[in-house]
Amino acid sequence: MRDFRDERWLAINTATVKSWSLEQAIEGCARAGIRAIAPWRDILQACGVERAAKLLNAHQMKVPSLCRGGMFPAAEAAQRRAALEDNRRAVDEAAGIGAECLVLVVGGLPKGSKDIAGAREQVRDGLAALLPYARNSGVRLAIEPLHPMYAADRACVNTLAQANDLCADLGDGIGVAVDVYHVWWDPDLAREIARAGARILSYHVCDWLVPTRDLLLDRGMMGDGIIDLRGIRALVEATGFSGYCEVEIFSAETWWKRVPEEVLAICRERHRSVV
Ligand code: ZN
């Protein structure tokens with residue numbers, strides 16, 4: 001395993017410092033000695049892609065991923081076409097800031113639908129339609145399987161096995177984002193991480209709190225919950241993964257209420273001591 005006393009592999013997902021604009025996040029991370037940042041599209045668009053690219057460059061800040069594309073399933077064909085268009089824009093934005101990949105939260109059930117198999121078909125079709133455009137743009141797509149509690153409204157790809165199957169089916173230019181929050185419980189995790197191998201494009205950390213008070217916005221700081229972070233990192237690094245360890249904490253009642261500089265300092269400390 002890599003020695004994480006060296007922070008060159010630490011990246012901050014901007015959701016962790018939610019109150020900051022992209023400008024503030026880039027400058028704040030730079031001040032904290034953090035060299036990589038993974039923005040969300042809303043704050044990237046608010047900043048402007050060209051301006052963001054200049055700021056990132058000026059601070060020598062790397063971009064492991066852009067969050068997020070996806071949300072493919074929809075009831076009507078016109079809505080699915082609109083989703084595809086939006087995903088192409090996301091690919092352009094990722095290319096514009098030199099992001100190593102575009103993370104995809106693939107979408108759940110179309111409104112009013114109970115057909116999860118059908119939704120999964122639509123996801124596959126959406127990925128297949130987007131992939132040639134992404135390949136042309138030099139942007140890799142990273143399917144992020146989400147914990148099954150989000151299957152209805154966020155992502156009907158819920159295990160690494162499912163994501164690996166899609167990748168095997170779709171060919172080059174597509175891989176997976178492994179987020180410990182979504183996959184820690186999976187009895188097949190070791191096997192599927194090994195199977196993903198070089199397709200692991202993005203690695204996200206936080207922790208699972210007991211009890212979890214909110215299904216979306218109560219993620220824990222690394223070390224405060226029950227995820228075997230070192231164990232999962234060992235599996236991921238055993239595949240040869242040498243990318244960033246991206247801290248992504250949605251936490252409306254705890255971390256989003258703290259001063260972002262303090263949150264970054266704690267992220268750095270936990271990255272060294274427990275990740
Ligand atoms: Zn994630």
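Any value given below was found using the heavy atoms of this structure, including those in side chains, with hydrogens, waters and symmetry copies removed. Both counts, for ligands and for their atoms, begin at 1 and track the order of listing.
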Return the name of the atom in Glu144, of element N, O or S, nearest to the Zn ion (ligand 1).
-> OE2

To the Zn ion (ligand 1), the closest N, O or S atom belonging to Glu248 is OE1

How long is the span from the CZ atom in Phe72 to the CD atom in Gln122, to the nearest 0.5 Å?
-> 11.0 Å

Quick one: do Glu100 and Lys62 make a salt bridge, cutoff under 4.0 Å?
-> no

His147 ring center near Trp208 ring center (under 6.0 Å) | yes

Test Glu7 against every option in Arg268, Arg35, Arg2 by the salt bridge (charged side-chain N to carboxylate O under 4.0 Å, His left out) rule and name the one that passes.
-> Arg268

In degrees, rounded to 10 degrees, what angle do His204 atom ND1 and Asp179 atom OD2 make at the Zn ion (ligand 1)?
-> 110°

